[in-house]
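Order of appearance sets the numbers: ligands from 1, and atoms from 1 within every ligand. FYI, the numbering just counts along the sequence from 1. Computed from a predicted model, the values in this text were never measured in an experiment.
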Amino acid sequence: MLRIAVQSKGRLYEETMELLKAAGIKLVAVKRTLLVPSRNFPVELLFLRDDDIPDSVASGTADIGIVGLNEVLEKKKDVKQIRPLGFSKCRLSLAIPKEADYKGVEWFNGKKIATSYPEILSDFLAKNNIKADIHVISGSVEIAPGIGLADGIFDIVSSGSTLISNNLREVEVVLPSEAVLIGGTNDLDDEKQAILNELLFRIEAVKEAENKKYVLMNVPREKLQAVLAILPGIKSPTVLPLADENWCSVHTVLEEKKLWTCINALKAVGATGILVLNIEEMVL
Ligand code: ATP
Ligand code: MG
């Protein structure tokens with residue numbers, strides 16, 4: 001049995017559960033308890049606050065964990081990053097009052113910076129030879145400059161709207177972050193390693209399928225070459241005969257971002273009955 005530490009509620013929770021579900025892992029239906037086993041895969045989930053996930057993995061309480069890179073680097077526990085997971089993307093940035101005259105990171109010399117990430121911030125300041133006063137607060141960091149508690153802030157930014165509504169402007173992106181899968185630094189036993197390998201294989205298949213669609217269409221035989229010229233496909237598309245021998249059916253996989261341009265081009269050359277289906281996993 002492999003134990004996975006995950007956030008019990010918050011910004012990582014939904015997508016963590018979605019990823020595990022997409023990887024075919026179903027949980028035993030129990031009321032929210034700390035430890036929930038899967039009913040079809042040899043893992044159990046340990047639900048924690050995200051702050052506690054790096055330590056739970058470093059100490060061996062959990063075998064692996066899913067947590068933001070920002071927490072991993074801030075906590076400086078003995079863990080290794082196994083793979084990025086592509087969700088909960090955000091960044092840790094320095095921000096200052098929007099009217100301040102900013103020419104470079106030296107602006108922060110002698111200034112007071114409010115943050116919940118003192119470790120990452122002090123590493124960044126040291127690397128840039130900046131001497132600033134770090135003021136640690138655990139929440140609502142963005143209001144600190146407005147109430148005179150600090151000159152600038154170092155905090156998580158995603159859309160930037162919180163900064164704007166607090167009259168702040170982002171001046172340095174220090175760390176791009178996303179959810180990552182972490183593990184301990186000691187080797188797992190063979191049984192746990194085999195479970196982790198299977199989990200990673202499934203995550204790979206889920207990620208591969210993300211943002212891709214399976215597309216089917218009917219094409220008049222004489223337009224087949226024109227249709228094939230439009231399709232990027234992974235390998236060559238599948239072409240199947242139809243009962244009417246003047247027509248065939250073409251199947252392929254398209255990236256979501258190219259979908260609508262492709263569909264319009266396909267229609268223009270005579271493809272009809274275009275069906276777009278979701279792909280759940282893809283093993284290459
Ligand atoms: P907990 O109660 O578990 O301690 P928390 O309040 O510390 O939760 P959340 O706000 O749930 O943390 O954020 C969890 C993680 O999600 C952050 O550490 C970061 O990696 C990521 N994150 C934070 N804000 C955003 C955002 N606006 N958009 C996307 N990801 C974010
Ligand atoms: Mg937290």
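Near Ile156, meaning under 4.0 Å from any of its heavy atoms, are these atoms of ligand 1: 17 (C), 19 (C), 23 (C), 24 (N). Within ligand 1, the atoms closer than 4.0 Å to a non-hydrogen atom of Gly10 are 11 (O), numbered from 1 in the order shown. Close approach of ligand 1 to Ser158 is summarised as follows: ligand atoms under 4.0 Å from at least one heavy atom of the residue are 26 (C), 27 (N), 28 (N). Annotation for ligand 1: atoms under 4.0 Å from non-hydrogen atoms of Gly68 are 20 (O).
Side chain of Asn109 to backbone of Lys131: a donor-acceptor contact under 3.5 angstrom is found. Side-chain atoms of Arg91 come within 3.5 Å of backbone N or O of Ser158 as a donor-acceptor pair.
Note: an N/O pair closer than 3.5 Å links Asp50 and ligand 1 by distance alone. Considering backbone and side-chain N/O of Glu71, none are found under 3.5 Å from N/O of ligand 1.
Considering only heavy atoms from C-beta on, Ile195 comes within 4.5 Å of Phe41 through its side chain. Taking 4.5 Å as the limit, some side-chain heavy atom of Leu228 sits within range of a side-chain heavy atom of Pro237. Contact of the Leu168 side chain with the Thr162 side chain is not registered, since no non-hydrogen atoms from C-beta on lie closer than 4.5 Å. Within the 4.5 Å cutoff, the side chain of Tyr117 has heavy atoms near those of the Glu71 side chain. Looking only at side-chain heavy atoms (C-beta outward), Val219 and Lys223 come within less than 4.5 Å of each other.
Given atom 20 (O) of ligand 1, the protein heavy atom at minimum distance is Asn70 OD1, 2.7 Å. Looking only at protein heavy atoms, the nearest one to atom 15 (C) of ligand 1 is Leu12 CG, 3.8 Å. Nearest non-hydrogen protein atom to atom 21 (C) of ligand 1 is Cys90 SG, 4.0 Å. For atom 2 (O) of ligand 1, the nearest protein heavy atom (residue, atom name, distance) is Arg49 NE, 3.4 Å.
Looking at Glu170 and Ser93, their side chains do bring a donor and an acceptor atom within 3.5 Å of each other.
In Glu178, neither the side chain nor the backbone holds a heavy atom less than 4.0 Å from any atom of ligand 1. Contacts of Gln7 with ligand 1, taken as heavy-atom pairs under 4.0 Å, involve the side chain alone.
Nearest to atom 10 (O) of ligand 1 by heavy atom, out of Lys89, Arg11, Lys9, is Arg11.
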Stepwise side-chain contact (heavy atoms from CB on, under 4.5 Å) check, Phe154 with Leu175: CA-CA 11 Å; Phe154 177 60; Leu175 176 80; 5.8 Å; no

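Among the atoms of Asp50, an N, O or S atom falls under 2.8 Å of the Mg ion (ligand 2).
Salt-bridge annotation for Lys207 and Glu210: present, with a side-chain N of the basic residue lying under 4.0 Å from a carboxylate O of the acidic one.
Of the protein's heavy atoms, none falls inside 4.0 Å of atom 6 (O) of ligand 1.
Nearest N, O or S atom of Asp51 to the Mg ion (ligand 2): atom OD1.
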